[in-house]
Amino acid sequence: MEDCRFETSELQASLMMSTPLFTDSWSSCNAANCDGSIKIQLIAGITYVAIPAVPMIQLGDLVGLPVAGDVLFPGLSSDEHLPMVDAAILNLFFQLKIKEVLELELVGRKLVVITGHSTGGAVAALTALWLLSQTSLPSFRVFCITFGSPLLGNQSLSTSISRSRLAHNFCHVVSIHDLVPRSSNEQFWPFGTFLFCSDNGGVCLDNADSVRRMFHILNATGTPNIEEHQRYGHYVLTLSHMFLKSRSFLGGNIPDNSYQACVALAVEALGFSNDDTSGVLVKECIETATRIVRAPILRSAALANDLASVLPARLEIQWYKDRCDASEEEQLGYYDFFKRYSLKRDFKVNMSRIRLAQFWDKVVEMVETNELPFDFHLGKKWVYASQFYQLLAEPLDIANFYKNREIIKSGGHYLDQGNRPKRYEVIDKWQKGVAKPEKCERSIYTSTTQDTCFWAKLEEVKECLDEVIKESSDAQRRSLLWEKIVRFERYANTLVKKKEVSKDVKAKNSSYSVWVENLREFKVKMGYVNEIEMVDESDAMETS
Amino acid sequence: MAFEALTGVNGDLITISWMASKGANQTEHYLKEEVGGIVFFAFPPSFSAEDLFATANTSPFGEIKMKRNQFPCMRSIGNNVDATVNEAFLKNLEVIIGPRTSFYASVQSAVEREQQIVFTGHSLGGATAILATVWYLETYFIRNPNVPEPRCVTFGAPLVGDYIFKHALGRENWSRFFVNFVTRFDIVPRIMLARKASIEKILPHVLGQLDPRRASIQESDQIITEFYTTVMRDTYTVASKAVCQLIGNGEAFLETLSSFLELSPYRPVGTFVFSTQKRLVVVNNSDAILQMLLYTCQSNDEQELSLIPFLSIRDHHGYEELVQSIGIKLLNHLDLHNPPLDGENSIGSALNDLGMSTRGRQCIHAALEAEKQRVENQKNIETKKDKIVERLTWIVEKYKPKCQTHKNGYYDSFKDSKEDNDFKANVTRVELAGIFDEVLGLVKKGQLPDGFEGSGGWINLATQYRRLIEPLDISNYYRHLKNEDTGPYMLHGRPSRYIYAQRGYEHRILKPKGMIAEDVFWNKVNDLNLGLQQEIQENLKISGSKCGSCFWAEVEELKGKPYEEVEVRVKTLQGMLEGWIRDGEVDDKEIFLEGSTFRKWWNTLPDNHRLHSPLYLRGRLMDETRAT
């Protein structure tokens with residue numbers, strides 16, 4: 001690892017173990033286990049919620065976690081595969097009436113640690129997940145610390161937790177000899193940071209693959225011990241005092257390379273020797289973990305350079321737009337120019353469009369596959385860059401779509417399912433996460449139309465109007481079409497009045513101007529009274 | 001002697017400092033000694049808890065922000081945050097420099113005679129010495145080039161200030177004035193790393209044990225053991241968090257964890273000299289010193305573990321022995337050229353003496369590597385200087401003159417963006433923005449050496465950049481009417497790279513006056529006699545008149561608004577203009593051109609205003625006045 005000179009998996013674990021969080025959450029767990037009931041206590045400004053362990057329950061059956069639409073976990077993002085959790089744990093979650101208890105107890109708290117030992121830990125994880133996946137984030141910070149808890153759910157639960165960027169709120173303390181956290185059922189999948197500990201120290205691993213690999217190594221090499229599951233009190237006591245002692249290397253010569261030296265220490269912290277086979281496996285596992293963790297930071301740095309290199313392409317489109325807006329002769333905006341012409345200049349701008357599209361597709365894909373740092377899309381730089389890109393380029397993508405559509409004569413619209421490039425939907429989502437400053441009234445048209453899909457909406461109603469004018473369809477359909485036309489007309493009028501559109505929309509020969517004129521003629525012909533009302537923007541948006 | 005080369009102080013100076021520090025025990029506020037033309041100010045230690053944690057202070061570490069008008073240099077320029085220090089220590093300084101003591105007058109007379117001053121102290125007296133040195137630097141040193149460099153020599157002093165305190169001293173190149181001696185196990189330099197809440201109850205007992213005037217301690221004092229354990233636990237957490245952050249792995253988890261922890265803000269400043277039986281180890285790197293404070297105090301086995309709490313108190317009184325043996329002890333310097341990992345070389349044995357474990361060495365190595373990386377980052381930025389200069393030169397030599405021939409200047413030409421050159425200028429603007437944003441990003445994350453922000457060459461370049469390119473950004477902002485999306489340029493639109501460049505520039509020009517930019521601005525405004533400051537404050541809250549390179553933004557905002565509504569702002573702008581032109585903030589060859597936005601706007605102002613505008617402006621714009 002060229003760029004990585006140090007390895008922090010053991011340091012992270014020692015840091016965690018030196019904090020009062022480690023000891024206080026264990027003592028809370030202990031208290032909850034003794035009483036067999038939920039314990040809530042305030043220690044040094046932190047609220048500890050400890051869930052008791054319930055022995056003798058049958059674990060191992062997965063049940064779908066109701067996400068979308070359900071009130072329990074609305075914030076958890078899920079793709080095609082359903083996140084699933086252990087049925088018995090979900091059952092306990094309801095039985096213990098955790099929702100009801102916590103809704104009252106946590107009001108006004110600042111820092112909340114949810115903790116539990118064994119099955120209590122799994123319920124604690126589910127509880128933390130419930131708190132963190134509400135649509136409005138809780139007013140307090142949540143940290144979940146479990147001790148020797150069985151795995152909670154399947155791989156898609158794990159994936160959706162990391163995609164929802166919640167994984168860093170979980171820390172699972174696991175003894176290397178404890179069998180309970182390693183499920184024999186391969187469908188169960190880890191999430192969050194795992195703190196593996198032995199009598200010699202601990203190591204943190206925070207990606208699911210490395211944790212699973214560690215489980216396999218432990219399964220293959222360790223001597224499991226049934227009593228181990230009850231020994232967390234011992235570990236907490238021993239490990240929370242490790243900070244007083246020097247941490248020196250035991251096994252002969254320490255590697256010269258400091259990264260290797262760090263890994264060697266980490267291997268010893270788990271009670272393995274660097275010389276035997278299982279020690280080597282552990283070493284490889286830790287090395288892979290660093291590589292996986294390290295990569296996003298490097299990628300994000302490289303991406304920033306790539307962004308700088310595609311900037312001229314964006315400026316090129318801006319320049320093109322300005323020139324089109326200024327054209328005296330055609331009086332077309334850049335949307336129509338681009339749709340209509342294929343001159344050298346248009347070709348050049350098309351290259352820029354494609355270059356940008358490729359770049360942003362790459363970014364979006366990297367974000368989706370968690371290849372970038374977890375808070376990447378929240379960085380101001382990327383929020384603005386993506387917004388500027390979308391405002392300028394999406395009209396060209398729409399133009400391109402309809403240009404090709406005319407050539408291949410196939411139906412379907414830009415806004416139909418699957419036609420709009422995914423990157424724009426993702427960028428839309430990012431923008432929603434940003435607080436918008438209050439809008440004031442505009443005196444002239446904006447430089448770019450604020451609704452990036454304006455042209456796509458226009459193309460749809462253009463077809464509607466053509467169909468209505470042709471009078472080829474039946475009355476019922478025509479009235480439907482007419483409704484759509486009127487809705488868009490109002491919406492567009494509102495935008496224009498508020499000057500939320502760029503001046504290319506209002507260019508004399510733009511598609512929009514032509515459409516408005518056609519509509520007016522049609523209305524005159526049919527004898528409709530031309531009344532235009534303003535509508536609320538949010539209502540109008542539903543035209544799409 | 002090598003020692004002097006490493007620390008900037010020689011053996012004699014240290015001996016006298018120690019003698020003075022010892023002598024100060026008998027005084028209430030300070031002791032003054034003059035030896036060989038050097039004036040020594042020594043401060044007495046205190047062993048009462050309220051001198052460690054100010055009574056009314058509710059912060060978890062007894063900290064408080066320094067006041068900017070009293071300590072204008074003690075802040076970060078990149079993040080614009082004032083340094084934090086221990087309030088009890090600061091209060092103590094204020095008593096000493098206050099009218100109740102003769103200290104102020106004594107310093108004053110030493111300054112007048114241009115004598116070198118050494119501030120010194122043992123234990124909490126050392127903390128006072130550090131703050132007194134900072135006060136001296138801010139009050140005398142920055143204002144007068146004849147004032148000699150001070151020295152600060154402390155013995156077993158607690159940590160005083162936070163990361164920004166350390167960063168600011170580094171930026172001003174003042175860290176080299178501070179030398180701190182620490183005997184290996186001395187608990188006092190570590191105390192401020194512990195949470196007040198965790199040590200409060202037993203602190204009075206421990207301080208009683210530390211007080212040399214009290215009875216000697218027993219080896220098996222349980223409270224002392226508890227105290228040592230508590231301080232070490234918090235020190236461990238702080239130091240491990242710091243090193244994880246330096247290495248930069250597992251950030252998300254670390255952030256969640258940290259938000260549940262109270263972590264001491266205090267950081268070492270200056271040079272530290274750790275001593276053992278045989279050796280002295282000199283370290284300059286603050287991150288490394290923090291790790292040393294932890295790892296030199298761990299134990300190898302149970303026997304040591306039972307002994308160290310006792311040693312942690314005893315070593316606080318080991319400075320007499322240390323000072324006497326400076327000449328005979330082995331000396332080592334810990335830096336990147338002497339990597340700490342290798343056990344064979346002399347630094348290796350030095351670290352063995354200090355009881356440094358493998359883990360400890362790794363952490364120190366990581367700290368030193370982090371500094372190396374900062375230096376690398378700076379080098380990387382330096383390589384971009386040529387490109388910046390080249391682009392700026394193009395603007396000055398090609399773009400501006402070309403635009404001026406069109407009688408409207410580059411601001412308005414860029415706004416119209418009709419020419420190919422305007423496109424080129426736009427690409428230039430964006431390219432440079434990328435470079436400066438990158439620099440600012442590094443600065444904000446502390447990824448550049450502390451001294452970077454203090455380097456004159458960089459400030460000059462950033463100033464040049466701000467003056468030349470910010471008008472283009474403003475032009476772009478108003479061309480695209482972003483003000484109607486996001487509000488006035490000054491409120492939401494101004495890129496932080498310019499704000500940062502402005503702060504760096506202002507800091508440099510105002511430092512010798514010991515003033516802060518906000519006060520200077522209001523002094524100028526008050527000189528314009530536009531009304532009471534309180535009354536016009538609201539008017540000028542988001543005014544572009546606070547910085548010359550925002551001139552155009554102010555013009556754009558005032559343009560089209562009724563004169564009566566913005567009279568104060570118009571008058572402030574014109575009042576500032578002459579000074580800006582003189583300083584080179586605004587280009588007078590540009591703004592007065594016939595087609596410029598400024599000139600066009602000026603012509604719309606009421607006759608009465610224009611006729612009564614300052615002579616300077618009337619002279620410049622006379623033709624127009626006559627014509628209308």
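In what follows, chains are A, B, ... by sequence order, proteins preceding strands, each numbered from 1.
Counting heavy-atom pairs closer than 4.5 Å to chain A, the top-ranked of the candidates B:T235, B:V430, B:V238 is B:V430. The residue among B:R359, B:E304, B:E302 with the most heavy atom pairs within less than 4.5 Å of chain A is B:R359. The most heavy-atom pairs under 4.5 Å with chain B, out of A:F170, A:F143, A:W319, come from A:W319. Options A:P312, A:S240, A:S502 differ in how many heavy-atom pairs under 4.5 Å they form with chain B, and the most are formed by A:S240.
If you take CD on A:E10 and CD on B:Q362, they are separated by 8.0 Å, rounding to the nearest 0.5 Å. Rounded to the nearest 0.5 angstrom, B:T256 OG1 and A:N169 CG are separated by 4.5 Å. Distance CD/A:E316 to CG/B:N426: 11.5 Å, rounded to 0.5 Å. Here the OG1-CZ distance, from A:T19 to B:F260, works out to 11.0 Å after rounding to the nearest 0.5 Å. Note that SG of A:C204 and CZ of B:F253 are 5.0 Å apart. Values are rounded to the nearest 0.5 Å. Of the inter-residue distances, the one linking B:S259 atom OG with A:K110 atom NZ reads 13.5 Å to the nearest 0.5 angstrom.
The nearest pair of heavy atoms linking A:R247 to B:Q298 is N-OE1, 4.3 Å. Across B:C244 and A:L11, no two heavy atoms sit closer than the pair SG-CB, 4.0 Å.
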Inset, instruction - Mind running side chain to side chain contact (heavy atoms under 4.5 Å, CB included) on B:L254 and A:H168 for me, showing each step along the way? - result: CA-CA 8 Å; B:L254 216 57; A:H168 57 275; over 6 Å; no
Inset, instruction - Start with the C-alpha gap between A:S248 and B:S357, add the side-chain angles, then the distance that decides, and say whether side chain to side chain donor-acceptor pair (under 3.5 Å) holds. - result: CA-CA 5 Å; A:S248 284; B:S357 61; 4.8 Å; no
Legend entry - Intermediate values then yes/no, side chain to side chain contact (heavy atoms under 4.5 Å, CB included), B:R233 and A:H241: CA-CA 8 Å; B:R233 178 186 293 279; A:H241 282 88; 3.8 Å; yes
Inset, instruction - Evaluate side chain to side chain contact (heavy atoms under 4.5 Å, CB included) for A:M242 paired with B:Y236, printing each intermediate quantity in order. - result: CA-CA 10 Å; A:M242 291 279 281; B:Y236 192 92; over 6 Å; no
Inset, instruction - Evaluate the side chain to side chain contact (heavy atoms under 4.5 Å, CB included) criterion for residues A:S258 and B:E369: first the C-alpha distance (whole Å), next the side-chain angles of each, then the deciding distance (0.1 Å), finally the verdict. - result: CA-CA 11 Å; A:S258 33; B:E369 282 281 343; 6.0 Å; no
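Looking at A:L111, both its backbone and its side chain come within 4.5 Å of chain B, counting heavy atoms on both sides. Looking at A:L15, both its backbone and its side chain come within 4.5 Å of chain B, counting heavy atoms on both sides. Looking at A:L315, the atoms closer than 4.5 Å to chain B (heavy atoms on both sides) sit in the backbone and in the side chain alike. Contact annotation for A:D322: only side-chain heavy atoms (C-beta onward) come within less than 4.5 Å of a heavy atom of chain B. Using a 4.5 Å cut-off between heavy atoms, A:V113 touches chain B through backbone and side chain atoms alike. Heavy atoms of A:S9 lying under 4.5 Å from chain B are absent altogether. Looking at A:T193, only its side chain comes within 4.5 Å of chain B, counting heavy atoms on both sides. Contacts between B:V243 and chain A at a heavy-atom distance below 4.5 Å involve the side chain alone, from C-beta outward. Only the side chain of A:R323 comes within less than 4.5 Å of a heavy atom of chain B; its backbone N, CA, C and O stay farther away.
Using a 4.5 Å heavy-atom threshold, the side chains of B:R195 and A:P20 count as touching. Looking at heavy atoms from C-beta onward, B:L257 lies in side-chain contact with A:M16 at the 4.5 angstrom threshold. Between B:T237 and A:F243 the shortest side-chain heavy-atom distance does not fall below 4.5 Å. Looking at heavy atoms from C-beta onward, A:K245 lies in side-chain contact with B:L305 at the 4.5 angstrom threshold.
Scanning residues 302-311 of chain A against chain B with a 4.5 Å heavy-atom cutoff picks out A:L311, ordered by number.
Judged purely by distance below 3.5 Å, without hydrogens or angles, the side chains of A:S246 and B:N300 pair a donor atom with an acceptor atom.
With a 6.0 Å radius and a threshold of 12 heavy atoms from other residues, nucleotides or ligands, B:K561 has its NZ atom above the threshold.
With sequence neighbours excluded, the residues forming a salt bridge (charged side-chain N to carboxylate O under 4.0 Å, His left out) with B:E556 are B:K415, B:K559, listed by chain and number. Checked against salt bridge (charged side-chain N to carboxylate O under 4.0 Å, His left out), B:R391 has the following partners two or more places apart in sequence or in another chain: B:E431. Among residues two or more places apart in sequence or in another chain, the side chain to side chain contact (heavy atoms under 4.5 Å, CB included) test is passed with A:K503 by A:D325, A:Y445.
At distances below 3.5 Å, at least one donor-acceptor pair connects side-chain atoms of B:S299 with backbone N or O atoms of A:L244.
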